[in-house]
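All values derive from a computational prediction rather than experimental measurement.
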Amino acid sequence: MTGEPRLADVPAPDLRRELTLLVLSRYPLVVVEGTDEARIERLLRQVARDLSTPLLEWSATHGLHREDAGVLEGTTDPARALERLANLQGEVIGLFNDLAPFLERPEIARRVRELAKSFAGGRSTLVLSGVQVTLPAELDHCAAWVRLDPPLEDELQTVVRTTAAELRGRRMTVELSEADIAAAARALHGLDADEARRLLLQAGLSDGRLDASDLPRLLLGKRQRLSATGALEWRDTHGGLSTLGGAPHFKRWAALRCEAFSEEAKRFGLDAPRGALLTGVPGTGKSLACAAVAGEWKLPLLYLDVGRLYQKYVGDTEATLRRSLATAEALAPSVLWIDEVEKALATGHGGEDGGLSQRILGTVLTWMQERKAPVFILATANNLDALPIETVRRGRFDEVFFFDLPTAEERREIFGLQLARRGRAPAEFDLETLATAAGNFSGAEIEGAIVAALYRAFGARSQLTADLILEEIRFTRPLAQLRREEVERLRAWGRQHAVPA
């Protein structure tokens with residue numbers, strides 16, 4: 001089998017034209033990857049009409065059929081279907097929806113190869129569609145690849161209008177202004193047309209009406225749908241950069257880029273920022289920084305779960321990764337958080353994983369370099385030694401920030417933020433004394449001391465005091481003390497190779 005195929009990411013309105021050009025350019029084999037099978041079929045029917053060329057469609061259940069002539073008997077078997085297609089006179093477009101799994105069989109791969117050879121030079125084309133299509137090496141050279149991206153917002157507005165008309169036909173109440181329709185389309189962005197329609201119907205049928213109050217339900221439905229596919233999770237953001245203690249340089253850098261995804265910034269000549277790599281001492285706020293940036297910029301925060309990325313069967317891991325990256329692009333502008341990126345991209349397995357780690361690295365690096373959608377990557381890492389050097393070069397990340405142990409002033413800020421988060425007035429605590437006592441504590445360890453003191457206060461049915469927190473600080477041995485040599489070595493690296501956060 002071949003490695004990762006190169007896909008041409010074609011916006012949906014242009015895909016009809018792209019497919020037409022591929023047929024006219026005499027490509028004998030075209031692969032269309034996408035989840036919306038019905039939409040792919042509609043596009044191919046339009047292309048066939050544009051070119052006045054017969055379209056025959058095949059599925060494993062119905063066999064080969066033509067819209068104006070019905071099913072060709074005995075063609076549910078893919079070999080028979082390919083043979084019948086090859087024997088047809090004149091130009092033809094054949095759309096095979098379920099053929100990809102059969103390509104593992106040598107005789108089917110041979111049939112496709114022979115068909116592609118007979119189509120070469122003419123204007124007949126075999127189109128293979130599916131969520132993931134892997135071609136044998138001998139077919140890859142004659143194939144063109146395109147991917148069907150989710151509908152754009154103007155297409156989704158049409159879906160909202162047609163679904164609203166359907167609900168009215170069912171005697172449901174629909175009250176949507178043009179602004180509401182646009183907002184609903186934005187809420188559904190990232191889903192295919194059928195998924196968007198189902199969520200709209202569900203919202204309308206649940207209480208007999210569809211109006212602006214259903215927007216949160218649409219967003220929730222989309223989040224649940226996206227979390228069920230690929231390795232992406234949609235994470236909540238609470239507040240912006242002001243919720244992050246310390247890290248003044250990083251916060252200033254991120255604040256300057258707050259409007260960089262706007263049309264005004266594009267007209268000004270600014271490229272959308274690509275991302276940042278956050279490394280440093282564990283517990284110093286790298287994960288919190290990702291949520292703070294998304295909250296400040298008011299963009300979706302998408303979390304790539306490395307644990308869910310690696311799958312059991314050959315090819316499934318790459319498919320999961322590609323699906324996840326495509327989802328992040330569909331939701332752009334968005335913030336993509338890759339936690340512990342060294343685990344996702346490390347390549348120190350030799351040949352033990354059959355080259356999987358190298359393929360994953362190649363796919364991610366190519367996507368990081370060539371993606372057109374404004375997806376801002378925030379990758380966090382505790383061990384940069386495990387990352388290939390090509391990961392951190394300019395062009396993939398705009399900057400590498402090092403999150404060090406907080407200074408005394410930053411510890412005061414962190415104590416104040418953590419106390420305020422828990423409903424306590426920071427002014428009622430001696431923050432100077434707390435910050436001094438917590439020397440060499442990370443932000444996570446400061447939070448841990450406050451939480452432990454809260455448990456003690458709650459158990460005693462008393463108020464939280466600075467003395468209780470000081471006791472917990474004295475009981476705690478911070479990581480900088482437990483693993484002193486490792487932490488100092490990491491800090492020395494950060495001072496030399498990264499920008500202080």
Side-chain angles (χ1 to χ4, degrees), residues 4-15 18 32-36 39 131 145-157 185-193 195-196 219 222-223 225-227 229-235 237 254 257-277 290 293-294 297-304 309 318-338 341 344 360 362-379 391 394-398:
E4 189 76 12
R6 294 187 298 274
L7 299 181
D9 299 330
V10 184
D14 297 331
L15 188 53
E18 179 72 11
V32 182
E33 291 200 329
T35 59
D36 195 341
R39 194 156 160 244
V131 176
W145 296 78
V146 293
R147 186 179 71 205
L148 179 66
D149 285 337
L152 300 177
E153 286 186 16
D154 57 347
E155 294 179 276
L156 287 170
Q157 288 188 29
R186 285 193 298 273
L188 295 166
H189 187 216
L191 300 177
D192 65 39
E195 290 172 326
L219 277 171
K222 180 173 74 172
R223 291 178 61 168
R225 178 70 185 89
L226 294 178
S227 295
T229 60
L232 280 188
E233 297 177 10
W234 189 315
R235 292 291 180 91
T237 58
R257 287 154 178 78
C258 185
E259 302 294 333
F261 293 104
S262 66
E263 287 297 321
E264 183 182 0
K266 188 183 297 184
R267 288 193 297 270
F268 192 74
L270 279 176
D271 293 329
R274 302 190 68 78
L277 178 61
C290 298
V293 168
W297 294 358
K298 295 180 174 55
L299 295 179
L301 176 62
L302 306 173
Y303 174 76
L304 183 63
L309 182 61
E318 295 98 315
T320 300
L321 174 62
R322 284 161 47 197
R323 191 159 57 246
S324 300
L325 297 178
T327 299
E329 289 191 83
L331 293 171
S334 58
V335 175
L336 177 63
W337 170 19
I338 309 177
V341 67
I360 291 294
T363 298
V364 173
L365 292 183
T366 300
W367 179 79
M368 289 172 65
Q369 184 69 32
E370 298 181 357
R371 71 187 186 280
K372 299 296 188 293
V375 178
F376 184 81
I377 301 173
L378 283 174
T391 307
R394 290 280 180 170
R396 295 196 169 107
F397 292 108
D398 299 321

[X] and [Y]: which non-hydrogen atoms are nearest, and at how many Å?
{"X": "Ala196", "Y": "Leu188", "answer": "CB-CD1, 4.0 Å"}
{"X": "Ala379", "Y": "Phe397", "answer": "CB-CZ, 3.8 Å"}
{"X": "Pro300", "Y": "Pro333", "answer": "CD-O, 3.4 Å"}
{"X": "Gln157", "Y": "Ala185", "answer": "CG-CB, 3.6 Å"}
{"X": "Ala254", "Y": "Val293", "answer": "CB-CG2, 4.1 Å"}

[atom1] of [X] to [atom2] of [Y]: how many Å apart, nearest 0.5 Å?
{"X": "Leu219", "Y": "His189", "atom1": "CG", "atom2": "NE2", "answer": "13.0 Å"}
{"X": "Leu156", "Y": "Leu191", "atom1": "CG", "atom2": "CG", "answer": "8.0 Å"}
{"X": "Leu302", "Y": "Trp234", "atom1": "CG", "atom2": "CH2", "answer": "6.5 Å"}
{"X": "Lys222", "Y": "Glu195", "atom1": "NZ", "atom2": "CD", "answer": "11.0 Å"}
{"X": "Ile377", "Y": "Trp337", "atom1": "CD1", "atom2": "CH2", "answer": "15.0 Å"}

Criterion side chain to side chain contact (heavy atoms under 4.5 Å, CB included) on Phe261 and Leu299, from CA distance to verdict: CA-CA 10 Å; Phe261 293 104; Leu299 295 179; 3.8 Å; yes
Do Trp297 side-chain atoms and Ala260 backbone N/O form a donor-acceptor pair below 3.5 Å?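 No; zero donor-acceptor contacts below 3.5 Å.
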So that I can tick it off, tell me whether Glu263 and Lys266 are bridged by a salt bridge, with the cut-off set at under 4.0 angstrom between side-chain N and carboxylate O.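 Glu263 and Lys266: salt-bridged.
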Any chance CD of Glu259 has more than 12 other-residue heavy atoms, nucleotides or ligands included, within less than 6.0 Å?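 Count not over threshold, so no.
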For Leu325 and Leu336: C-alpha separation, side-chain torsions, deciding distance, then whether side chain to side chain contact (heavy atoms under 4.5 Å, CB included) applies. CA-CA 9 Å; Leu325 297 178; Leu336 177 63; 4.3 Å; yes
